[in-house]
Amino acid sequence: MQQLGLEGMPTRLFSCTPSRLTSWLDCPRRYRMTYLDRPPLQKGPAWAHNTVGAVAHLALARWWDLPEERRTGPAARGLLERAWQTDGFSDDEQAHRWKGFAGDMVERYADGLDPAEDPVGIERTVAFKTDTLAVSGRVDRVDRRGDELVVVDYKTGRSALTEDDARGSLALALYALACARTLRTPCTKVELHHLPSGKVLAWEHTPETLARHVRRAEAIATEAAAAKEELDEGGPADELFPPRPSSLCGWCDFSRHCPEGLAASGGPNKPWAGLAEERAPLDEVS
Ligand code: SF4
């Protein structure tokens, strides 16, 4: 495995977001297509479930800009409706129905918030460095609880989450470190807030578990940087960045450029397939 810097020279930092690192883990070819190929390859169409997620995030971010007395559940629904987009939906009727579901979701979630508890950060950019890494990213929400900060990440997908998702998330661990560094306040707790179900999956890191995540991040960065270096020297792209076909290929933005992924998935999913129509009534989501 190559080092990021030459001996005796200052180490070249690998700049990344947490999602760049996890993209390498998921599929090196997708990593290359997303971050390295220039000019960029054409992506597939927008996903309706991403539209729902983006608009819900936006509404909840703007909710905190309202005066405290106007921070209500219905206000969150109003913000979502004003920001609504239709990208990825099959037709107007489906988009309209999902505006209603998403409105229910943010209204119910905002109803459970304390409007007087202003977060320390909303969509806050945070960063930290190690000897080999420069990590930065944007956190959905940073709360202060007592003398500590808590990383809050909103999830709007249909998959049920467990505490293991919070514990094992490389991104959340790196965000905790970045919050602590940027905001100069201890931060070891991370939370996934699953908006469809209202569940909160929390995990409290220790210095050891955070250090393990950093070592993992550094190892990923070393691999990705070495592959890029060999690519720049004329190395074979498909060997340095091999495809990793899986059940996720149907959701890959670049599957149209990837024969192995197309074979594995049988073709891209419909842009609205992630909406889980069969589970649409939010009250039935576990
Ligand atoms: S379709 Fe699958 S194998 Fe191909 S780039 Fe995307 S994730 Fe990787």
Side-chain angles (χ1 to χ4, degrees), residues 1-2 14-54 57 85 87-90 133 135-138 153-162 164-166 168-175 192 194 213 216-277:
M1 206 176 275
Q2 287 177 266
F14 184 86
S15 296
C16 61
T17 58
S19 53
R20 181 167 180 153
L21 296 173
T22 51
S23 167
W24 170 268
L25 285 182
D26 289 343
C27 176
R29 176 179 284 174
R30 180 155 64 83
Y31 173 95
R32 192 200 84 213
M33 290 173 166
T34 306
Y35 296 105
L36 304 182
D37 284 352
R38 295 293 177 267
L41 291 169
Q42 195 179 5
K43 289 185 178 182
W47 301 100
H49 61 278
N50 284 350
T51 299
V52 172
H57 277 70
Q85 304 281 326
D87 300 339
F89 291 97
S90 60
L133 270 183
V135 180
S136 64
R138 219 163 47 171
D153 191 33
Y154 299 135
K155 292 290 175 196
T156 59
R158 60 184 174 178
S159 314
L161 300 171
T162 69
D164 281 351
D165 292 303
S169 168
L170 178 68
L172 288 180
L174 299 181
Y175 282 139
L192 293 170
H194 187 240
H213 278 291
R216 188 161 164 243
E218 290 180 327
I220 297 166
T222 302
E223 278 184 23
K228 163 79 162 58
E229 207 170 296
E230 284 194 49
L231 183 73
D232 290 345
E233 288 165 4
D238 284 341
E239 284 175 33
L240 294 167
F241 298 86
R244 194 166 290 160
S246 74
S247 57
L248 296 178
C249 290
W251 304 108
C252 176
D253 285 329
F254 299 104
S255 63
R256 63 177 61 185
H257 308 290
C258 177
E260 293 87 344
L262 282 176
S265 62
N269 292 326
K270 298 281 189 209
W272 53 89
L275 292 174
E277 291 280 20

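Both ligands and their constituent atoms are indexed starting at 1 by order of listing.
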Which heavy atom of the protein is the closest neighbour of [atom], given with residue, atom name and distance?
| atom | value |
| --- | --- |
| atom 4 (Fe) of ligand 1 | Cys258 SG, 2.3 Å |
| atom 1 (S) of ligand 1 | Gly261 CA, 3.5 Å |
| atom 6 (Fe) of ligand 1 | Cys252 SG, 2.4 Å |
| atom 8 (Fe) of ligand 1 | Cys27 SG, 2.2 Å |

Inset, instruction - Give a yes or no on whether a salt bridge exists between Asp37 and Arg29, defined as a side-chain N under 4.0 angstrom from a carboxylate O. - result: no
Legend entry - Leu174 side chain reached by Ser169 side chain, heavy atoms, under 4.5 Å: no
In ligand 1, which numbered atoms sit nearer than 4.0 Å to a non-hydrogen atom of [X]?
| X | value |
| --- | --- |
| Arg30 | 5 (S), 7 (S) |
| Pro245 | 3 (S) |
| Ser255 | 1 (S) |

[atom1]-[atom2] distance between [X] and [Y], expressed to the nearest 0.5 angstrom:
| X | Y | atom1 | atom2 | result |
| --- | --- | --- | --- | --- |
| Tyr31 | Lys228 | OH | NZ | 8.5 Å |
| Leu21 | Asp26 | CG | CG | 11.0 Å |
| Thr156 | His57 | OG1 | NE2 | 6.0 Å |

Inset, instruction - Determine the minimum heavy-atom distance between Gly261 and Cys249, stating which atoms define it. - result: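 Distance-wise, the nearest heavy atoms are O-CB, 3.6 Å.
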Legend entry - atom 8 (Fe) of ligand 1 to nearest N/O/S of Cys249 below 2.8 Å: no
Inset, instruction - Work out whether the distance between some heavy atom of Arg244 and some atom of ligand 1 is less than 4.0 Å. - result: yes
Inset, instruction - List the steps and the verdict of side-chain contact (heavy atoms from CB on, under 4.5 Å) for Leu36 and Phe241. - result: CA-CA 11 Å; Leu36 304 182; Phe241 298 86; 3.5 Å; yes
